[in-house]
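A short write-up of the structure that comes next.
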Amino acid sequence: MEKILTVFCFTDIHNQQSMLDYPTTVRKSLLQANKLATEEFGLADIAIIGGDNVSDYPYWNRSCALPKKNFLDIKNKIHNCVSESVKNGNVLYVTGNNDMIMGDIGTEENEPYNTTDFYDLMDASFGELPENERFVLTSTEKPNEKYLGAFHYVVNGIDFIGINIDPNTAFNSHEGYYNDESMIWVKNKLNEIDPDGKKPVFVIGHLSAIYCKHDGNLDETMINGNKELFYDIFRGHKNSFYLYGHLHGEDYCYIDYTSGAILHIDGNSTPISANLKETDSKGKEYEYSLVHMGGLRPFNGVNFENDGITGYGGEKEPRYYTHTGTPKLAQYLVFEVYQNRVVFHMRNAGTLENYRPKDKLKEYTVYFL
């Protein structure tokens, strides 16, 4: 059947503090992933940036005064990189738990501003959203600032819903979660656009839910907020997919794509474990699916090339930051939507054995029910 669209997903870039000294430096794993995706799949119809563009490393409680010009610099560099691989510059952005930490508190030289503000770029490429297609939040810390809590776009007839972290849970803290109002808006929007429960819909958020580590063990990180309401969003929407990041690094990279990058969830919000070793879902019944988008930064210093930046990063004296180097371990997601199925491809952008671009992981096909 005819392909409807191709989507590139890049998440958890984590441009570190010293990388954000002016002029800023984009992590090379993003540049590599974007280049590789285009070479293999051609131009995408849409790209997704899954949050945590900036990072709290090394001290989140000292990192709240990134000058606005630095933010605008890294924002433009990320967008210019990714938009070149996408038709019409269509790039969706959701916020991560780190994104609201860097820069939101003003200094004497710098007025407070919104470090999650990629809305102007989305408006420019997709068109400005009407009020009924977006949910706006405010915060007690910055009551004059507007935050996009959730939104809905349609690309080539396929629905994409984004959900963002509540700014009230993000300021001066490493954690964040989705507030009830945003989740209710997403639930209502999903019911509105998919009343019969059969339409392909992709919901994008940063936070993970139930996930499978590369050793096969199941775990959960959505420990804050209203977890039951989150799972209830998707119930009855059999062809809905929740795309998430947040988990990245050594424990969350896949050699066998089917080991857990996609989990089909039953009516009790429990993964259907029988699906884990399959390469497609044909004939299987489930409530909805969770899809891991990979990650572009590991944690362990040995998994970086020796090209890290020497910078200030909040320190009084310049010093070398290993974690600003080029990652040896990085993965990204590409998926293709057809009339009767969606095909997911996890891809490598590193140099470690088994995690090099030439090490192709198995594709996973989900047939619409």
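- We find that K189 and E133 are joined by a salt bridge, their nearest charged nitrogen and carboxylate oxygen being less than 4.0 Å apart.
- The hydrophobic cluster containing V154 does not contain L190, counting ILVMFWY residues as joined when their side-chain heavy atoms lie under 4.5 angstrom apart, directly or transitively.
- Pairing each heavy atom of T310 with each of P318, the nearest pair is CG2-CB, 4.1 Å.
- Checked options Y244, Y211, F299; the residue passing with Y252 is Y211 (criterion: ring-ring contact (aromatic ring centres under 6.0 Å, His included)).
- Within a 6.0 Å sphere centred on NZ of K282, heavy atoms belonging to other residues, nucleotides or ligands number 12 at most.
- A side chain to side chain donor-acceptor pair (under 3.5 Å) with S269 is found for one member of R235, K227, E287 and no other, namely R235.
- Heavy-atom neighbours of E39 CD from other residues, nucleotides or ligands within 6.0 Å: above the threshold of 12.
- Rounding to the nearest 0.5 Å gives a distance of 11.5 Å between CZ of F8 and CD1 of I49.
- Donor-acceptor pairing under 3.5 Å is lacking for the side chains of H14 and H323.
- Ion pairing between a basic and an acidic side chain is recognised when a charged N comes within 4.0 Å of a carboxylate O; D73 and K77 show such pairing.
- In this structure, the side chain of N179 engages the main chain of S182 through a donor-acceptor pair within 3.5 Å.
- Closest approach of G176 and T169 over heavy atoms only: CA-OG1, 3.2 Å.
- A donor-acceptor distance shorter than 3.5 angstrom exists from the side chain of D266 to the backbone of N268, with no hydrogens or angles considered.
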### Chi angles and distances behind the side-chain hydrogen bond (donor to acceptor under 3.5 Å, both in side chains) call for E305, T351
CA-CA 9 Å; E305 302 289 351; T351 56; 2.9 Å; yes
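- Checked against the 6.0 Å centroid criterion, the rings of F202 and F160 qualify as a close aromatic pair.
- Between the side chains of N70 and T24, not a single donor N or O lies within less than 3.5 Å of an accepting N or O.
- Put simply, CG on D12 and CG on L30 are 12.0 Å apart, with the number rounded to the nearest 0.5 Å.
- Rounding to the nearest 0.5 Å gives a distance of 10.5 Å between NE2 of H345 and OH of Y332.
- Here CZ of F126 is found 8.5 Å from CZ of F151. Values are rounded to the nearest 0.5 Å.
- When only modelled atom types and interatomic distance are considered, S18 and D21 share no side-chain donor-acceptor pair under 3.5 Å.
- Under the 3.5 Å distance criterion, with hydrogens and angles disregarded, no donor-acceptor pair is assigned to the side chains of Y288 and H264.
- Formation of a donor-acceptor pair under 3.5 Å by the N76 side chain with backbone atoms of L72 is found in this model.
- Counted by atom type alone, H206 and D52 present one or more donor-acceptor pairs between their side chains at under 3.5 Å.
- The two residues I161 and H152 make their nearest non-hydrogen contact at CG1-CD2, 3.9 Å.
- Of the possible donor and acceptor atoms, one in the side chain of N168 sits under 3.5 Å from a partner among the backbone N and O of T140.
- Ion pairing between D45 and K87 holds under the 4.0 Å rule for side-chain N and carboxylate O.
- Counting only distance, with no hydrogens or angles, the side chain of N15 and the backbone of M19 share no donor-acceptor pair below 3.5 Å.
- For L361 against N348, the heavy-atom pair with the smallest separation is CD1-ND2, 3.3 Å.
- Atom CG of N164 sits about 11.0 Å away from atom CZ of F118, to the nearest 0.5 Å.
- In the model, T279 has no side-chain atom that pairs as donor or acceptor with a side-chain atom of E363 under 3.5 Å.
- Not a single donor-acceptor pair under 3.5 Å links the side chain of N188 to the backbone N or O of W185.
- Listed by first then second residue, pairs satisfying salt bridge (Lys or Arg N to Asp or Glu O under 4.0 Å) with a partner in residues 334-357 read K3-E336, E40-R347, R356-D359, not counting sequence neighbours.
- Shortest non-hydrogen contact noted between G127 and Y153 is O-CE2, 4.0 Å.
- No donor-acceptor pair under 3.5 Å is formed between the side chain of S85 and the backbone N or O of N34.
- Judged by distance alone, the side chains of T326 and D307 do bring a donor and an acceptor atom under 3.5 Å apart.
- Of the possible polar contacts, one joining the Y119 side chain to the L148 backbone as a donor-acceptor pair under 3.5 Å is found.
- No donor-acceptor pair under 3.5 Å is formed between the side chain of T11 and the backbone N or O of G245.
- For the pair C81 and L31, the tightest heavy-atom approach, listed with the atom from each and the gap, is SG-CD2, 3.6 Å.
- Figure legend: cation-pi geometry between K238 and Y286 absent, as NZ or CZ is not positioned both under 6.0 Å from the six-membered ring centre and within 45° of its axis.
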